[in-house]
Amino acid sequence: MNQGEKIIEKTEEFSANNYHPLPLVIAKAEGSWVYDTEGNRYLDMIASYSALNHGHRHPKIIRALKDQADQLTLTSRALHNDQMGAFMEKLCTLSNFDKALPMNSGTEAVETALKAARRWGYEVKKIPKDKAEIIGAKNNFSGRSIGVLSMSTGKSATEGFGPFAPGFVTVPFGDGKAIEQAINENTAAVILEPIQGEGGVVVPPEGYLQEVREITKKHNVLLIIDEIQTGFGRTGKLYCYQHEDIQPDIVTVGKALGGGVYPVSAILADDDVMQVFQPGNHGSTFGGNPLAARIGRVSLEVLMEEGLIERAQELGPYFMEKLKAMNSPVIKDIRGKGLMVGVEIKEEAGTGRDFSEKLMDLGVLAKDTKAQTLRFAPPLNISKEDLDWGIDRMKMVFRG
Ligand SMILES: Cc1ncc(COP(=O)(O)O)c(C=O)c1O
């Protein structure tokens, strides 16, 4: 048994079996590359489900982490800290919202958005007590808490975890009319991912978000966009909804906001919505802590200074063209935006998992999202040479 195999054995002995990782133990990483315990290197096109938009161990972000660790790490919100204000300012001004509310994980951000929408529904829209409804899309993924799962339609994520919270309705993704039909006087909000990431990189028809924005405005319903996976340049815009030129009422952000080193999430909204939160009705011990705030602010600085959004804009279409030019007999569909690319494998050729293992053997890491779809989402600062290296290996795997 080599060192990696021993570590896997120990991990499996002592940890819950709630994931099915690739059989690889990573011990070191830099930029777009990770190294296993045996010293083999792999091109990381999983990038921690888009939490590594800045690549592994970005020097400026690591410096911020270390400097802040030497100064102050945690105050809780019982006190102010000298980092949170500047982080909130940076996030709000960049994103064009009045206010932000910091949390830690993506799931918590989504819970926060759902709570904001319900409270807005009661206080502002005057929905009768406990009658608020929120409309989500089928095949969504926004986390794994009981609240978030209450709008989930995925059997593997929900089975055995009921009963769920009432007040959620789901409609087919990509269908604006279905949303309008589901709206009634008790509807507080519609929540959507602009591209369903975990759902298999599902891109809705062009104009969908615009249509939903018009419908929600017309019926006095909030529009929540979950940018946890698609945000911070991943699709070639700061936020994916900007491809359709809309302004949502609430945006949830996470993953890459932590610069690949720390969990940092938030919701963004204007004053009319954010004022529903008052002392005592929502919070988090760690949300907005000085370490998170420093890392969050610097991660946003790096995103802008290094033109990472533009990188995704340039490299995404290049990558998709190269994939299409392979004319692969095993590929059923190629879809995505920017550097968020889904490759659907024909069922007769094998599963997404089979292909992720074949790619791993050649040094490229990509993970299946739904049974047949592989998601490629490398760090946004991947070099063209490294991307080409990965594409050459994909050619070997996808030639059939
Ligand atoms: C769109 C979306 N929302 C929310 C989440 C949940 O984030 P977290 O795993 O940080 O709780 C995810 C995670 O994959 C996601 O893709």
Side-chain angles (χ1 to χ4, degrees), residues 16 18-21 45-53 101-117 134 136-154 156-158 161 168 170 173-174 189-204 208-209 223-235 237-241 243 248 250-268 284 286-287 292 295-296 299 336-342 366-370 373-377:
N18 58 330
Y19 274 93
H20 182 33
M45 299 188 84
I46 303 171
S48 287
Y49 309 120
S50 291
L52 284 159
N53 287 5
L101 190 163
M103 297 296 281
N104 312 284
S105 68
T107 306
E108 287 172 303
V110 176
E111 285 281 347
T112 304
L114 299 175
K115 287 174 76 175
I134 293 175
K138 293 191 191 303
N139 193 44
N140 71 73
F141 185 88
S142 281
R144 295 180 181 279
S145 63
I146 299 276
V148 174
L149 286 181
S150 298
M151 61 179 184
S152 173
T153 55
S156 70
T158 55
F161 297 124
F168 292 95
T170 56
F173 184 58
V190 170
I191 177 166
L192 296 171
E193 296 157 84
I195 294 174
Q196 291 187 326
E198 298 311 298
V201 193
V202 184
V203 185
Y208 174 59
L209 292 183
L223 177 58
I224 307 169
I225 299 289
D226 181 351
E227 290 276 354
I228 287 164
Q229 188 162 149
T230 45
F232 304 118
R234 172 55 57 192
T235 71
K237 297 270 185 192
L238 177 65
Y239 297 119
C240 187
Y241 65 74
H243 287 286
I250 304 177
V251 177
T252 57
V253 290
K255 293 195 195 280
L257 188 56
V261 302
Y262 199 83
V264 186
S265 74
I267 75 161
L268 289 153
S284 153
F286 287 91
I295 289 164
S299 300
K337 255 199 181 102
L339 278 173
M340 181 171 181
V341 176
K367 198 94 200 304
D368 43 315
T369 54
K370 284 273 158 164
T373 302
L374 282 171
R375 175 180 35 200
F376 294 93

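Source: prediction; values computed, not measured. Computed over heavy atoms, backbone and side chain alike; hydrogens, waters and symmetry mates excluded. Remember, it's 1-based here, ligands and their atoms both numbered in the order they're listed.
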Check: How close does the nearest protein non-hydrogen atom get to atom 8 (P) of ligand 1, and which residue and atom is it?
Finding: G106 N, 3.5 Å
Note to self: Using a 4.0 Å cut-off to any heavy atom of T107, which atoms of ligand 1 qualify?
What the structure shows: 6 (C), 7 (O), 8 (P), 11 (O)
Check: Any N or O of G143 that comes nearer than 3.5 Å to an N or O of ligand 1?
Finding: no
Margin query: Measuring only between side-chain heavy atoms, which start at C-beta, is K370 closer than 4.5 Å to N139?
Written below: yes
Notebook entry, point to check: What protein heavy atom is closest to atom 13 (C) of ligand 1, reported as residue, atom name and distance in Å?
Noted result: K255 NZ, 2.9 Å
Next item on the list: Check K337, H243, Q229 against T235 for a side-chain hydrogen bond (donor to acceptor under 3.5 Å, both in side chains) and give me the one that passes.
Entry: H243
Margin query: For a quick check under 3.5 Å, do T369 and R375 share a side-chain donor-acceptor pair by atom type?
Written below: no
Check: Hey, is F141 touching ligand 1 through its side chain, its backbone, both or neither, going by heavy atoms under 4.0 Å?
Finding: both
Checklist line | ligand 1-proximal atoms of E108, by part, heavy-atom distance under 4.0 Å | finding: neither
Check: Between N104 and S284, does any side-chain donor sit less than 3.5 Å from a side-chain acceptor?
Finding: yes
Checklist line | Gap separating the OG1 atom of T107 from the CD1 atom of I228, nearest 0.5 angstrom | finding: 7.0 Å
Notebook entry, point to check: Knowing that exactly one of T112, V110, V253 qualifies, which makes a side chain to side chain contact (heavy atoms under 4.5 Å, CB included) with I267?
Noted result: T112
Check: Can you list the ligand 1 atoms lying under 4.0 Å from a non-hydrogen atom of D226?
Finding: 1 (C), 2 (C), 3 (N), 4 (C)
Notebook entry, point to check: Is atom CZ of F168 surrounded by more than 12 heavy atoms (other residues, nucleotides or ligands) closer than 6.0 Å?
Noted result: yes
Next item on the list: Please write down residue, atom name and distance for the protein heavy atom closest to atom 16 (O) of ligand 1.
Entry: Q229 NE2, 2.8 Å
Notebook entry, point to check: Any N/O of E193 closer than 3.5 Å to an N/O of ligand 1?
Noted result: no
Margin query: If we only consider heavy atoms of S142, is any one of them less than 4.0 Å away from an atom in ligand 1?
Written below: yes
Note to self: Looking at every heavy atom in both A377 and A47, which two are closest together, and how far apart are they?
What the structure shows: O-CB, 3.1 Å
Note to self: Can you tell me which portion of I228 lies within the under-4.0 Å heavy-atom range of ligand 1? Options are side chain, backbone, both, or neither.
What the structure shows: side chain
